[in-house]
Student: 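One structure coming up, written as structure tokens, with questions to follow.
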Amino acid sequence: MNYAFPPTSIVTLDAMSSNPFPVRRIFCMGQNYAAHVQEMGGTVSAHEPFFFMKPAGAVLHNNSIFPYPSNTADLQPEVELVVALHKGGKNIPADKVNYDYIFGYAVGLDMTKRDLQRAAREKGHPWDMAKAFDHSAPCSAITPEFYSGTLSSGKIELKVNGEIRQSGDIGDMILKIPQMVNWLSNQIELFPGDLIFTGTPAGIGPVIKGDVIEATVSGLEPLIITIG
Ligand code: MN
């Protein structure tokens, strides 16, 4: 097939003992830990699931320099467990979400221009420019589910220059992974290659040029990014 110009190459993530994982789309869940809902000014009882998206091209590989982006004075990283799907579908029942659907897990950073996000929220505008900008989805290599087992609890942490900023347990997610896949697949058809960023625990705050960010989820490869 000839194209008007050479098509963009497929974005991939390395995966332990596997061929590279081709990324199709990135779904991100908002406010999925009670303590983070509260720090963002919300209440858990009124909480309903919501998702936003980042383009696959926003992936930034592990051990990279993250170029400090334009048009923000409040860049904030959010450490998140990432779920990588190798099977999709519509209306996937929660009790069917197992290794058939889940290829594996990774550690991700939902990089956020917090000042733009707050301004957009106040005006009722979309978040895209605050959340889906270039390199806004740093992500570690994927640990296949075969090696990690099903992840339902374990420490999730973010360190900046060696100091703990965010600390939580993925067992404290409000919407669990099977329910998340069910909810999303009731809205749209999921496909192999889709990634789900599952929300961040409390402790968000800004980073500046030169900061070294270390994001960890127990049992997975750490994600280390330097702000440049
Ligand atoms: Mn997030």
Side-chain angles (χ1 to χ4, degrees), residues 13 23 25-44 46-60 62 66 69 72 74-85 105-122 125-140 151 154-160 164-177 179-181 183-184 187 194-207 211 213-217 220 222-223 225 227:
L13 284 170
V23 178
R25 297 174 296 184
I26 303 173
F27 297 94
C28 302
M29 192 172 174
Q31 305 190 357
N32 198 26
Y33 290 79
H36 176 64
V37 175
Q38 282 150 7
E39 77 180 343
M40 287 297 285
T43 51
V44 178
H47 188 69
E48 279 187 36
F50 70 93
F51 289 82
F52 57 92
M53 295 180 73
K54 296 176 188 258
V59 164
L60 182 72
N62 204 350
F66 175 96
T72 184
D74 193 5
L75 176 69
Q76 299 193 0
E78 299 182 355
V79 59
E80 312 206 357
L81 170 66
V82 178
V83 178
L85 301 181
Y105 306 93
V107 184
L109 288 170
D110 167 15
M111 299 301 291
T112 303
K113 297 178 181 178
R114 192 72 67 200
D115 41 2
L116 293 201
Q117 184 198 18
R118 289 191 195 282
R121 275 210 317 185
E122 277 165 30
H125 287 175
W127 284 3
D128 302 49
M129 295 302 117
K131 286 285 198 181
F133 52 94
D134 300 340
H135 319 298
S136 60
C139 196
S140 73
L151 289 193
K155 185 181 268 192
I156 180 168
E157 210 162 67
L158 180 115
K159 288 183 188 166
V160 178
I164 296 173
R165 281 268 188 95
Q166 292 187 270
S167 188
D169 192 297
I170 56 172
D172 292 335
M173 286 196 279
I174 297 169
L175 203 66
K176 311 297 186 198
I177 292 164
Q179 284 73 25
M180 209 176 283
V181 171
W183 194 94
L184 270 173
Q187 316 296 320
D194 286 340
L195 298 178
I196 306 173
F197 280 53
T198 57
T200 199
I204 52 170
V207 289
D211 282 348
I213 302 172
E214 184 179 354
T216 54
V217 173
L220 304 182
L223 172 66
I225 293 295
I227 308 295

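Both counts, for ligands and for their atoms, begin at 1 and track the order of listing.
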Student: Just wondering, do Leu81 and Met173 contact through their side chains at under 4.5 Å, heavy atoms?
Tutor: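 Yes, close enough: below the 4.5 Å cut-off.
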
Student: Taking only protein atoms, how many N, O or S atoms are found under 2.8 Å from the Mn ion (ligand 1)?
Tutor: 3

Student: Can you name the ring-ring contact (aromatic ring centres under 6.0 Å, His included) partners of Phe133, sequence neighbours left out?
Tutor: none

Student: May I ask you to check whether Ser140 and Asn62 show a side-chain donor-acceptor distance below 3.5 Å?
Tutor: no

Student: Under the salt bridge (Lys or Arg N to Asp or Glu O under 4.0 Å) rule, what pairs show up with a residue in residues 165-174, not counting sequence neighbours?
Tutor: none

Student: Hey, which of Asn32, Ile174, Val83 is the one that makes side chain to side chain contact (heavy atoms under 4.5 Å, CB included) with Met180?
Tutor: Asn32

Student: Please enumerate all residues that pass salt bridge (Lys or Arg N to Asp or Glu O under 4.0 Å) together with Arg118, with sequence neighbours excluded.
Tutor: none

